[in-house]
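I have placed the structure first, in the form of structure tokens, so that the comments after it can refer back to it.
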Amino acid sequence: MRPALAVGLVFAGCCSNVIFLELLARYYAIMVTMFFTVSVVNNYALNLNIAMPLHMIFRSGSLIANMILGIIILKKRYSIFKYTSIALVSVGIFICTFMSAKQVTSQSSLSENDGFQAFVWWLLGIGALTFALLMSARMGIFQETLYKRFGKHSKEALFYNHALPLPGFVFLASDIYDHAILFNKSELYEVPVIGVTLPIMWFYLLMNIITQYVCIRGVFILTTECASLTVTLVVTLRKFVSLIFSILYFRNPFTLWHWLGTSFVFIGTLMYTEVWNNLGTTKSEPQKDNKQN
């Protein structure tokens, strides 16, 4: 090979790599922006008269939101069975949202103005949750496109999604500082085994970071290693367990209507994943193997 040709090929290869990295960085910048926005809005919604159970139920509609955006953006089409699941989840979220609205107005017993103001803040919270739900679904579609184009790299996506947004928290520095002061004023707690004494809120934060890391890393790995059905089912079951724990531990008000709406949400989600059909297929496979033997 001639030296000039070899140099030309090396230069072309370097240019293509630079273009590839620039394109990848641009895609990651968009995904990180979406991830940061969804995280901040979801957390801030809790300051707008949104109870934790309603927060969890609302976020359980992420699968349905992803389906709707898939129809609009990717022009996908689904079976009647899955459209039925959309209706169930929508009705479930509506029931829980409507009953929570009645609780907000009934619990505001100071005056009519205070009650109206609390209801307005609650409506803003619902708007924030809706925005975060749609943005999260759009991020899922964008991430799926990114994996198809550049390959499935769970650790890389996990790192960039959580490392790159860190400078954005500078804009929330005052809020973080105020909460740090509140954490320092909480009662002291002696950590078992280690014997270290620290404010209990810092201990809760540490436990939350550890469990969140295990959970999020598992989701990122499942996204690349397992079928979307398995990932969806695991995440749905985790949300259901979190919801039950929140109701029991924090003694949140939960009426029969809330339970009915919750049942619609999770039954509709399981219908969408077609878990019953897959369980039937799994049971029939051993029988076929036995007949062949």
Side-chain angles (χ1 to χ4, degrees), residues 28 31-32 34-60 62 107 125 128-129 132 136 139 153-226 230-254 258 262 266:
Y28 265 123
M31 187 171 69
V32 166
M34 289 181 178
F35 182 81
F36 178 77
T37 304
V38 169
S39 300
V40 172
V41 173
N42 268 326
N43 288 329
Y44 192 77
L46 294 172
N47 295 330
L48 301 173
N49 287 340
I50 299 296
M52 183 59 74
L54 178 61
H55 193 280
M56 294 179 182
I57 293 169
F58 222 91
R59 293 184 66 185
S60 298
S62 58
Q107 290 173 0
L129 286 178
S136 178
M139 183 179 67
H153 306 285
S154 61
K155 293 183 179 179
E156 179 182 298
L158 179 64
F159 173 77
Y160 284 126
N161 269 344
H162 292 81
L164 294 182
L166 290 178
F169 287 98
V170 173
F171 299 101
L172 304 173
S174 60
D175 191 43
I176 295 173
Y177 176 77
D178 293 339
H179 280 80
I181 298 298
L182 292 175
F183 279 25
N184 289 333
K185 293 180 180 179
S186 62
E187 61 178 306
L188 296 178
Y189 175 76
E190 183 177 351
V191 182
V193 181
I194 303 177
V196 178
T197 302
L198 73 164
I200 193 168
M201 293 304 297
W202 288 110
F203 175 74
Y204 287 155
L205 177 63
L206 178 62
M207 292 296 101
N208 185 52
I209 291 173
I210 294 174
T211 53
Q212 282 291 313
Y213 172 74
V214 173
C215 175
I216 294 174
R217 186 182 180 187
V219 170
F220 271 80
I221 293 174
L222 281 173
T223 303
T224 57
E225 299 294 334
C226 301
T230 306
V231 178
T232 303
L233 184 58
V234 171
V235 172
T236 302
L237 292 176
R238 178 189 65 80
K239 288 177 180 178
F240 184 75
V241 173
S242 299
L243 176 64
I244 299 300
F245 181 82
S246 172
I247 294 168
L248 297 178
Y249 185 82
F250 296 103
R251 298 178 181 178
N252 286 306
F254 218 73
H258 285 92
T262 305
F266 288 101

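As the structure is a computational prediction, the values presented were derived from the model and not from experiment.
Atom-to-atom distance recorded for Phe203:CZ and Thr197:OG1 is 12.0 Å, nearest 0.5 angstrom. Residue Leu164 holds its CG atom at 11.0 Å from CZ of Phe35, rounded to the nearest 0.5 Å. We find the CG-OH distance between Leu198 and Tyr189 to be 9.5 Å, quoted to the nearest 0.5 Å. Atoms CZ and CD1, from Phe171 and Ile176 in turn, are 12.0 Å apart once rounded to the nearest 0.5 Å.
For residues 199-209, the pairs satisfying side chain to side chain donor-acceptor pair (under 3.5 Å) are Asn184-Trp202, with sequence neighbours left out.
Annotation for Met139 and Met34: closest pair CA-SD, 3.7 Å, computed over non-hydrogen atoms. Here the closest non-hydrogen pair linking Ala128 and Val41 is O-CG1, 3.3 Å. Considering all non-hydrogen atoms of both residues, Pro165 and Phe36 come closest at CB-CD1, 3.6 Å. Scanning both residues, Leu188 and Pro199, for their nearest heavy atoms gives CD2-N, 3.9 Å. Closest approach of Gly125 to Ala45, counting heavy atoms only: O-CB, 4.2 Å.
Contact of the Glu156 side chain with the Tyr28 side chain is registered, since non-hydrogen atoms from C-beta on lie closer than 4.5 Å. Side-chain contact between Leu206 and Ile210 is present, with heavy atoms from C-beta onward closer than 4.5 Å. In this structure the side chain of Met31 reaches within 4.5 angstrom of the side chain of Asn161, judged on heavy atoms. Counting only heavy atoms from C-beta outward, the side chains of Leu158 and Arg217 approach each other to under 4.5 Å. With a 4.5 Å cut-off on side-chain heavy atoms, His162 and Ile216 count as touching. Put simply, the side chain of Asn42 reaches to within 4.5 Å of the side chain of Leu129, judged on heavy atoms.
Judged as a side chain to side chain contact (heavy atoms under 4.5 Å, CB included), and not counting sequence neighbours, the contacts of His179 are Asp175. In terms of the ring pair (Phe, Tyr, Trp, His ring centres under 6.0 Å) criterion, Phe220 has no residue partners (sequence neighbours excluded).
Side chain of Thr211 to backbone of Met207: a donor-acceptor contact under 3.5 angstrom is found. In this structure a side-chain-to-backbone donor-acceptor pair under 3.5 Å is missing from His55 to Asn43.
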(request) Before giving the answer on side chain to side chain contact (heavy atoms under 4.5 Å, CB included), spell out for Val40 and Leu172 the whole-Å C-alpha distance, their side-chain angles and the decisive distance to 0.1 Å. (result) CA-CA 10 Å; Val40 172; Leu172 304 173; 4.2 Å; yes
